[in-house]
Amino acid sequence: MEEHPWRDIDRKWQQFWEEHGTFRAVDRSDRKKFYALMMFPYPSGSALHMGHVRNYVIGDVLTRLRKMQGHNVLHPMGWDAFGLPAENAAIKAGVHPADWTRKNIATMKRQLQELGISYDWSREISTCDPSYYKWTQWIFLKMYERGLAYRKKSFVNWCPSCQTTIANEEVHEGTCWRCHSVVVRRDLEQWFLKITQYADRLLDDLTLLDKWPERVRTMQENWIGRSEGARVVFRERDSGAEMPVFTTRPDTLFGVTFMVIAPEHPMVGELVKGRPEEREVLAYVEKALTLSEIERTGADREKTGVPTGRFAVNPVNGDAVPLFVADYVVAEYGSGIVMGVPAHDDRDFAFARKQGLPVKVVIQPGATRLDGATMEAAFLEDGVQANSGAFDGLPNRDGKKAITAHLEKKGWGGPLVTYRLRDWGISRQRYWGAPIPMVTCAACGHVPVPEADLPVLLPRDVDYSPGAISPLEKSKEFVEVACPKCGGPARRETDTMGTFMDSSWYFYRYTSPREEKAVFNRETAGYWMPVDQYIGGIEHAVMHLLYARFFHKFFQDLGLVDTPEPFTALFTQGLVLKGGEMMSKSTGNIVSADGLVAKYGCDVPRAYVLFIAPPDKEVEWQDAGIEGIARWLHRVGGLVDGWAPMDLPPSDMDVRKYPFVNGEVVDPRHPHAKEVVRMTHATVQKVTMDTSASFHFNTAISSLMEFTNVLAGYSARREALPVVRSYQSGDSTPDPEHDPRVMSFALKRLILLVAPFAPHLAEEWWKRSGEKPSVFDASWPTFDPAAAAEDVVEIPVQVNGKHRATIRAARGASEDALKTLVLGDEKMKAQMAGKTVRRWVIVPDRLVNVVVG
RNA sequence: GCGCGGGUGGUGGAAUGGCAGACACGCUAGGCUCAGGACCUAGUGGGCGCAAGCUCGUGGGAGUUCAAAUCUCCCCCCGCGCACCA
């Protein structure tokens, strides 16, 4: 395909910006800082599609806008370069993951540069670079030092396709978030980070994030899942073993008719050992363990379970109730043991009916009396305590407090807060990641690698095919090491860290990307952080965004940062769909950027993707509308060329009030010139509002189109009428309808307003208009709201709420004046003939409604 | 099941209590042109009408209001998230 001539303009200015360091951020400046951050991509090497373009262009618009508004902007880019796709591609194509990744980074960088995105490339970072992951390892060591990194054997999520364990946050509806395979459970020893220790802070500080979408905050809140309740210690009847439970309903404690323990619970084996129930229980446990997350969870699923033959004693009333093993109890939540109160819990009710267990009502509603034998559903609402010993008659909300207090007093339990959030499993049994900097010594146990020995380099020559053991395990040179503590023979940890470790702190590294002595430079980080505007996909609502907040709070505890939160404002952009599906390389349904860029130049597809819909909304791609943007930009180009060079007057001349003097119209003969000036102010106002106060880029572009149409109309007059451009010829009383000062004023502002959306063209037009590049060093235009307002307004007139006429009135006309105008209007005379006016509703400058009877 | 977001012309969308459909695509007619998928002008929600105009109209139904796409209630549909967490 032949290239559009504008491609030369694209390249010319891309080169100019690079050579002049136009978008290079300065670490110290008198100007206000603005940190604009895009979630950095995984360098997959696929061609950029319009979905990508949309993401990166949002940040680009913001960067250019803020720069023009006088900010010192940091807009960096880097690569989330560790991870499975590299390894899988490498295995498939026989290329080393490092080489594959490096090549993809080069490709993607070139594509981003060809799009003219305003990154400060001098700060580029890559998480697979040893100079970066050295510090990821350092963070791990600091966490270990503070007891936040620990090893634990437990049932973890295993993705059979990725051949590794994954974190809870990476399991979406029972499947792996990356490959969508059904996740299974495996009993493994793994490294965990104690994110739960930060649960309250992560929850409480969500209230500080008022510039985040409510949706994301809610998702995090639900994920953390704080719930207040009580701990109640039951005892096994025969052995006296403690069986603590967590409940949010201590008020129903007297209604316990059975107990349930999770199949994975460590006590299970002990409880049934040598008993007649042993065989059946162990068979049940085994079966439960083979079930995937997806098979096991789901509220609709029928409750199964088997009796253990054991009994638990309720501390408050001495009742001994049967203990069951059932897979609806989650081992990792609470104590893994649940008290069964069928009368007041849906799940317990279903289980009790299935097992033929008694239902004991302990909360009675006011009017009717429930009967446990006949009730058809659990009673979940508030009521009055019954069958609850000394607590009978209390409203259950008070009962809750009273019973909890009673438990505490007796030493049988007390108040307890529990979280749904679990600790973060970070071990991955794969090659392409940062090695966990730990050593295991037969004598000393787990020993951290000394800071001075970092980074623990990922060896290059390793058989990285996945299998039963971690790839690094196969590298003798890597594994065998002297114990840092005793010097004896020891083994390195062979699991690598999940890539969310890498991405939890990259935004800090941008603030001092070449810092060698520390994880980041405190001073520059203090200047740039927190991120002023973070932009990325909603899919990270509870993965990356939660982890990054956790790391930030950890940095706060290390005294490295002062602020509580890393991202002041968050914007989640919508997907660009094709055929109702997300654009993706694997399914081949993509609209690649290259073709459109070659056909139109890069500003046209860039502006189009902003024009097509508000940026937070999902949008179905369609080629059709792009012509409209191309036409518009060509029209602007035509206007600029038609009036360039606009050397009179100088751009800084205050023509704001022209053609007004003291706010009055000097010469009523030139309504068009006046309208152009008014429209200029109005457009500056509209575009400023739509881009600075919100992300309404689509309506900003619309108003720029309208402005262009008005200017084209004004410009056409010059051609249509036989007039000399008198001002230029030295005439001191220029014909206001053809005054080049008016066009100069309007067009230069149009170019400035267009600049964030069509940066290459705007830069070219700025120069042609006689100004000095870069247009991004020029100031964003200001406006005067008074000059933007029309002085004659059209006011719709309604009769009983229906639009019947329109009157023209001076802006700010009084209610009486409007009344007079309405009564004098021919249409309204006809409408009101023979009717009685019951009421006037007058909204000055907006509307008149005459209520008649 | 629970939570959130959404449903407006042939299409993308605009309007968040005050003229529904800005802006753009597409389409129709005319102009210009050797020609054009280029450019210019006009028109373009449905129905009735030569027209002026009338009337209906923002998923469906009810309500509040002088006035509702917008607020309230009920229902339907689509998308996303969470889902046995005691």
Side-chain angles (χ1 to χ4, degrees), chain A residues 172-174 213-219 221-223 225-227 229-230 232 245-249 252 260 262 296-303 326-341 344-348 350-351 418-422 538-539 541-542 574-575 577 580 608 611-614 616-632 634-635 638 696 698-709 712 716 794-806 827 830 838-843 845-852:
Chain A
H172 290 188
E173 298 192 354
E214 193 193 330
R215 187 153 75 115
V216 175
R217 284 188 316 224
T218 307
M219 282 165 81
E221 194 181 320
N222 293 340
W223 188 261
R226 183 187 147 99
S227 86
V232 187
V245 302
F246 171 71
T247 178
T248 53
R249 295 293 305 272
T252 66
V260 191
R296 185 158 159 188
T297 58
D300 319 327
R301 193 173 154 253
E302 205 176 335
K303 304 271 173 294
D327 65 6
Y328 78 88
V329 174
V330 179
E332 296 86 21
Y333 185 75
S335 65
I337 307 172
V338 167
M339 64 184 211
V341 185
H344 306 291
D345 182 280
D346 281 334
R347 298 149 303 184
D348 296 346
F351 189 76
T418 302
Y419 300 88
R420 212 189 75 107
L421 180 73
R422 313 279 157 76
I538 186 76
E539 69 271 19
V542 282
L575 293 172
L577 306 176
Y608 178 57
F611 180 66
I612 195 166
D616 52 337
K617 229 180 129 176
E618 197 168 82
V619 68
E620 173 70 23
W621 174 263
Q622 41 177 27
D623 296 304
I626 197 168
E627 293 289 345
I629 292 286
R631 274 176 212 156
W632 166 56
H634 275 106
R635 265 153 77 84
H696 297 162
N698 56 333
T699 51
I701 293 173
S702 289
S703 62
L704 288 169
M705 287 174 168
E706 283 178 83
F707 186 35
T708 305
N709 292 343
E794 290 197 341
I795 298 175
V797 182
Q798 300 180 335
V799 177
N800 289 346
K802 293 196 175 177
H803 181 220
R804 292 298 183 216
T806 305
K827 275 187 190 168
R838 304 233 181 258
R839 186 174 163 189
W840 287 88
V841 179
I842 299 173
V843 185
D845 294 338
R846 298 299 294 272
L847 166 126
V848 175
N849 186 12
V850 190
V851 184
V852 300

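Chain letters run A, B, ... following the sequence lines, proteins first and then strands; every chain starts at 1.
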B:G45 and B:G21: how far apart are their P atoms, nearest whole angstrom? 9 Å
Starting from the 5' end of RNA chain B, give me the residue, A:Ile795 or A:Ile629, whose nearest nucleotide shows up first. A:Ile795
Have a look at A:Val330 and say if it touches a base, only the backbone sugar-phosphate, or nothing, with a 4.0 Å heavy-atom cut-off. base
Partners passing salt bridge (Lys or Arg N to Asp or Glu O under 4.0 Å) against A:Arg422 (at least two apart in sequence or in another chain): A:Glu332
State which of B:A22, B:G18, B:A86 makes the closest approach to the side chain of A:Ser227. B:A86
Tell me the interatomic distance from A:Lys827, atom NZ, to B:G53, atom C1', rounded to whole angstroms. 9 Å
Options B:G12, B:A14, B:C19, nucleotide nearest the side-chain atoms of A:Val619: B:G12
For a 4.5 angstrom cut-off between non-hydrogen side-chain atoms, does A:Arg804 reach A:Val797? no
Distance check needed: B:C82 C1' versus A:Ile538 CD1, whole Å only. 13 Å
Go through A:Arg215 and A:Ile538 one step at a time and tell me if the side-chain contact (heavy atoms from CB on, under 4.5 Å) criterion holds. CA-CA 9 Å; A:Arg215 187 153 75 115; A:Ile538 186 76; 3.6 Å; yes
Counting any heavy atom closer than 4.0 Å, what does A:Arg804 reach on the DNA or RNA strands: base, sugar-phosphate only, or nothing? sugar-phosphate
Are A:Arg420 and B:A86 close enough that a side-chain N or O sits under 4.0 Å from OP1 or OP2? no
For RNA chain B, the dot-bracket notation using Watson-Crick and G-U wobble pairs below 3.5 Å, [ ] for pseudoknot-type crossings and | for other-strand pairs, is (((((((..(((.....[....)))((((((.......))))))((((....))))..(((((..]....))))))))))))....
Check whether any side-chain N or O of A:His803 sits under 3.5 Å from a backbone N or O of A:Ala805 as a donor-acceptor pair, and report yes or no. yes
Return the value, rounded to whole Å, for the distance between atom OH of A:Tyr608 and atom P of B:G12. 11 Å
Go through the steps to decide whether A:Val338 and A:Val245 satisfy the test side-chain contact (heavy atoms from CB on, under 4.5 Å), and finish with yes or no. CA-CA 5 Å; A:Val338 167; A:Val245 302; 5.7 Å; no
Please give, in whole Å, the distance from B:C4 C1' to A:Glu221 CD? 13 Å
Do A:Asn800 side-chain atoms and A:Val852 backbone N/O form a donor-acceptor pair below 3.5 Å? yes
Using the C1' atom as the reference point in each nucleotide, state the distance between B:C19 and B:C27 in Å, no decimals. 26 Å
Check whether any side-chain nitrogen or oxygen of A:Lys802 sits under 4.0 Å from OP1 or OP2 of B:C56, and answer yes or no. yes
For a quick check of understanding: with a heavy-atom distance under 4.0 Å over all strands, which category does A:Asn698 fall into, base, sugar-phosphate or nothing? sugar-phosphate
Find out whether A:Arg420 and A:Asn222 are in side-chain contact, i.e. whether some heavy atom of one side chain is under 4.5 Å from a heavy atom of the other. no
From C-beta outward on A:Arg631, which listed nucleotide comes closest to its side chain: B:G12, B:C39, B:C54? B:C39
On a whole-Å scale, what distance lies between the P atoms belonging to B:A62 and B:G57? 11 Å
What's the CZ-P distance between A:Arg846 and B:A67, to the nearest Å? 18 Å
Between B:C39 and B:G17, how far apart are the C1' atoms? Round to whole Å, please. 43 Å
Atom P, compared across B:G79 and B:G30: separation rounded to whole Å: 45 Å
For the residue pair A:Lys303 and A:Tyr328, would you count it as a cation-pi contact if the rule is NZ or CZ under 6.0 angstrom from the ring centre and within 45 degrees of the ring axis? yes
Let's see if you can work this out: which of B:A24, B:A22, B:A14 has an atom nearest to the side-chain heavy atoms of A:Phe611? B:A24
Could you tell me whether A:Val341 contacts a base, only the sugar-phosphate backbone, or nothing, with contacts defined as non-hydrogen atoms closer than 4.0 Å? nothing
Mind calculating the distance between NE2 (A:His696) and P (B:C23) to the nearest angstrom? 19 Å
Expected label for B:G36 (glycosidic angle, syn inside 90° of 0, else anti) would be anti
Quick one: which of B:C54, B:A86, B:G13 gets closest to the side chain of A:Val338? B:A86
Give the nucleotide from the list B:G53, B:A24, B:C66 with an atom nearest to the side chain of A:Met705. B:A24
Heavy atoms from C-beta onward define the side chain here; which of B:C66, B:A22, B:A83 lies closest to that of A:Val841? B:C66
Would you say the rings of A:Phe707 and A:Trp632 are close, in the sense that their centroids are separated by under 6.0 Å? no
How close or far is atom P of B:G13 from atom CH2 of A:Trp621, stated in whole angstroms? 13 Å
Students often get this wrong, so: under 4.0 angstrom with heavy atoms, is A:Arg635 touching a base, only sugar-phosphate, or nothing? sugar-phosphate
Identify whether any heavy atom of A:Asn709 sits under 4.0 Å from a base atom; if not, whether one sits that close to sugar-phosphate; answer base, sugar-phosphate or nothing. sugar-phosphate
Which residue lies toward the 5' end of RNA chain B, A:Arg839 or A:Glu706, if each is placed at its nearest nucleotide? A:Glu706
Between the side chains of A:Asn709 and A:Arg635, does any donor sit under 3.5 Å from an acceptor? yes
Between B:G81 and B:U72, how many Å separate the two P atoms, rounded to a whole number? 26 Å
Pairwise P distance for B:A38 and B:U28, with rounding to whole Å: 13 Å
Candidate nucleotides B:C25, B:G3, B:C84, ranked by approach to the side chain of A:Asp327 - the nearest: B:C84
Between A:Ile626 (CD1) and B:G12 (P), how many Å, whole number? 17 Å
Residue A:Lys303, side-chain atoms from C-beta onward, closest of B:C39, B:C19, B:C84: B:C84
Checking all strands, does A:Glu214 fall into the base, sugar-phosphate, or nothing category for heavy-atom contacts under 4.0 angstrom? nothing
Considering only heavy side-chain atoms of A:Tyr328, the closest of B:C19, B:C84, B:G53 is B:C84
Measure the spacing between CD1 of A:Ile701 and OH of A:Tyr608 and express it to the nearest 0.5 Å. 11.5 Å
Please state the P separation for the pair B:A22 and B:G43 - nearest whole angstrom. 12 Å
